[in-house]
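Below is one structure, written out as structure tokens; the observations come after it.
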Amino acid sequence: MKLLIALYFFMLGTIQLGLLIGMLRYFLEKRGVKPSTYWISSLGTSVLALFIFGFGVATNSAGTKNPEFNFTIANSLFYIAGVLQFLFCRSLNGPIIPRLKYFFIGSVILFVPIFEYMRQHGTFEMRTSFIVAIISIFFTWQIIELNIKKKTDPSKQLLYIQFATGAELFLALGRLTILLASGLVIREVEQLPQALIFLTIFQIVMNTLSYIAIGAYWSEKITQANTKSEVENLEIKKLLREREGLIASLLKANKTAATGALSASIAHELNQPLGASQLNIQFLQKKLAEGHLTTEQNQEILNALLVDNQRATTIIQSLRSIFSDGKIGVERIDIVELIESVLKIAKPEIQAKNLQVALRLESKSFINANRGEIQQVLLNLINNAIQALGESTRSPRMLQIKSHDVSEGIQLEVSDNGGGVAIDAQMHLFELLSGSNKRSGMGLGLWLCQHIVSRHGGYLRYQDAPGGGAQFIVFLPSIQH
């Protein structure tokens with residue numbers, strides 16, 4: 001009889017242990033949703049209690065009147081498991097307040113000496129009645145908490161937990177009823193009624209089922225969280241694609257905005273070599289018609305046409321990468337050559353506004369960058385400086401561009417001695433669509449400049465120029481030799 005009862009406890013303990021090991025993996029992983037600490041602790045405590053109780057039954061030689069001390073340990077662990085399982089059910093409806101935690105800690109401290117006293121001086125019937133009374137309170141309370149939770153979370157697993165808990169309550173009360181109705185005074189394990197043993201084992205089976213239902217509840221929550229995470233990841237990917245598309249559109253719009261202010265002077269610059277070419281062609285036609293074209297005149301006119309054509313070609317090539325819609329890959333760039341090419345585009349506007357340009361291009365390193373995008377950054381900064389100087393009454397109106405090698409990169413400085421940027425506007429200077437001052441243009445230019453430079457691993461900063469005005473500092477990482 002004793003060995004058979006002990007075997008039942010070992011079997012149920014093994015089942016609960018398997019469940020515990022399976023759920024610990026989810027508990028230890030870094031997930032947004034984890035099994036409750038109360039439930040994991042309750043299950044672990046129950047496993048330990050079942051094995052200790054089973055061992056105690058198998059080795060007990062003192063009968064049921066004064067069993068060995070390991071029965072006090074096992075029953076105390078069962079009580080702790082019951083407390084933790086109740087706290088789990090309570091935590092489903094809100095956080096556990098410290099006062100409630102302290103209350104149950106105190107109850108555990110009281111339970112151990114009370115049960116130990118009953119083990120030494122009480123009877124089997126007294127101990128069983130004591131345990132059934134306590135767990136009946138816990139089971140009733142758990143059912144109430146689960147019923148509250150079901151109103152906001154219609155999970156079938158909660159219904160299963162509630163059903164298993166209700167069955168445990170029914171079986172516990174059935175044990176007490178049989179014990180009191182039989183009128184027996186039980187001193188030995190062999191005296192235990194078969195019905196009482198059956199109800200006790202079946203109660204522990206239902207307890208195991210309740211743990212399994214709780215495990216299924218957490219598995220359900222983890223699955224829902226994973227599904228939600230996958231949906232959110234898809235949404236994030238979609239938003240990132242939309243963001244890249246928006247930035248590409250802004251880059252394209254900024255090309256037009258950055259060069260729009262220079263369009264008239266660019267047209268004037270192109271008209272000069274084209275107009276000169278037209279005059280030379282007309283002169284050539286006249287001489288050919290008269291038949292007075294000498295070899296020297298022919299060579300002189302052809303050289304002039306070649307120079308004018310090359311001048312127009314240079315301007316068009318400088319603009320091509322700015323207006324190009326195609327994707328330009330990363331390439332090795334000489335930043336000095338890039339600055340000079342952008343200045344050729346801005347030269348007519350600089351001359352029209354009678355601005356002075358001071359260059360100190362001392363950098364020797366090269367960068368790996370998207371040529372068109374870095375051109376946009378330089379053209380925006382130079383164009384902003386030109387606009388600021390166009391409104392300035394200072395004399396002379398100076399645009400300064402510097403470049404020099406620094407640790408792990410190249411630093412560019414674009415400065416002007418115009419009116420600068422107001423202090424209250426400086427903190428919003430690089431915000432998208434800030435529109436707080438003319439330097440931000442449409443609210444896109446400086447934001448895009450900072451975005452482009454950051455994407456290339458560098459940074460863009462603003463500070464007041466030493467002699468008054470504005471200074472933008474650009475750092476770009478250089479090619480490591």
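These numbers come from a predicted model, not from an experiment. Just so you know, residue 1 is the first one in the sequence shown, and it goes up from there.
With respect to the salt-bridge test (charged N to carboxylate O, under 4.0 angstrom), the residues Glu68 and Arg119 do not qualify.
The side chain to side chain donor-acceptor pair (under 3.5 Å) check on Thr45 picks up nothing, with sequence neighbours excluded. Here Ser415 pairs with Gln471 under the side chain to side chain donor-acceptor pair (under 3.5 Å) rule; sequence neighbours left out. Taking the ring-ring contact (aromatic ring centres under 6.0 Å, His included) definition, one finds that Phe103 meets it with nothing, sequence neighbours left out. In this structure, the side chain to side chain donor-acceptor pair (under 3.5 Å) partners of Lys150, at least two apart in sequence or on a different chain, are Gln162. Asp405 pairs by the side-chain contact (heavy atoms from CB on, under 4.5 Å) definition with Ser363, Lys364, Ser365, Ile410, not counting sequence neighbours. For Tyr217, the side chain to side chain donor-acceptor pair (under 3.5 Å) partners two or more places apart in sequence, or in a different chain, are Asp153. Residues satisfying the salt bridge (Lys or Arg N to Asp or Glu O under 4.0 Å) test with Glu340, not counting sequence neighbours, are none. With sequence neighbours excluded, the residues satisfying salt bridge (Lys or Arg N to Asp or Glu O under 4.0 Å) with Arg90 are Glu145. Annotation: salt bridge (Lys or Arg N to Asp or Glu O under 4.0 Å) contacts of Glu337 (sequence neighbours excluded): Arg371.
Summarising the geometry of Ile96 relative to Ser91, their closest heavy-atom pair is CD1-N, 3.7 Å, with the distance given to 0.1 Å. The two atoms that bring Ala213 and Tyr160 nearest to each other are CB-CB, 4.0 Å, heavy atoms only. Of all the heavy atoms in Ser478 and Ile367, the pair that sits closest is CA-CG2, 4.2 Å. The heavy-atom pair separating Ala81 from Ser46 by the smallest distance is CB-N, 3.9 Å. Here the closest heavy-atom approach between residue Glu116 and residue Phe69 is recorded as OE1-CD1, 3.2 Å. Residues Ile374 and Ala369 come closest through the heavy atom pair CG1-CB, 3.7 Å.
A donor and an acceptor atom, one from each side chain of Gln85 and Ser210, are located under 3.5 Å apart. Donor-acceptor pairing under 3.5 Å is lacking for the side chains of Gln411 and Ser403. For the residue pair Asn370 and Glu331, no side-chain donor N or O sits within less than 3.5 Å of a side-chain acceptor on the partner.
Distance check: Ile143 CD1 to Phe163 CZ gives 11.0 Å after rounding to the nearest 0.5 Å. The CG atom of Leu476 sits 7.5 Å away from atom NE2 of His456, with the distance rounded to the nearest 0.5 Å. Here the CD1 atom belonging to Ile135 is positioned 11.5 Å from the OG1 atom belonging to Thr165, to the nearest 0.5 angstrom. Between atom OG of residue Ser42 and atom CZ of residue Phe88 there is a gap of 9.5 Å, rounded to the nearest 0.5 Å. Taken from CZ in Phe86 to CG in Leu100, the straight-line distance is 6.0 Å, to the nearest 0.5 Å. To the nearest 0.5 Å, atoms CG (Leu169) and CD1 (Ile137) are separated by 11.0 Å.
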Next on the checklist: Set out, in order, the CA-CA distance, both residues' side-chain angles and the distance that settles salt bridge (charged side-chain N to carboxylate O under 4.0 Å, His left out) for Glu373 and Arg455, then state yes or no.
Outcome noted: CA-CA 10 Å; Glu373 291 187 357; Arg455 193 162 64 182; 2.5 Å; yes
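Taking the six-membered ring where tryptophan is involved, the planes of His121 and Tyr117 are tilted, since the angle between them lies from 30° to 60°. Aromatic ring orientation, Phe111 versus Phe130: parallel (interplanar angle below 30°, classes split at 30° and 60°).
Annotation: salt bridge (charged side-chain N to carboxylate O under 4.0 Å, His left out) contacts involving residues 202-216, sequence neighbours excluded, are absent. Sorted by first and then second residue, the pairs that involve residues 96-108 and meet side chain to side chain donor-acceptor pair (under 3.5 Å), not counting sequence neighbours, are Tyr79-Ser107. Residue pairs meeting the salt bridge (charged side-chain N to carboxylate O under 4.0 Å, His left out) criterion with at least one member in residues 40-56: none, sequence neighbours excluded.
Between Phe51 and Phe9, the gap from one ring centroid to the other reaches at least 6.0 Å.
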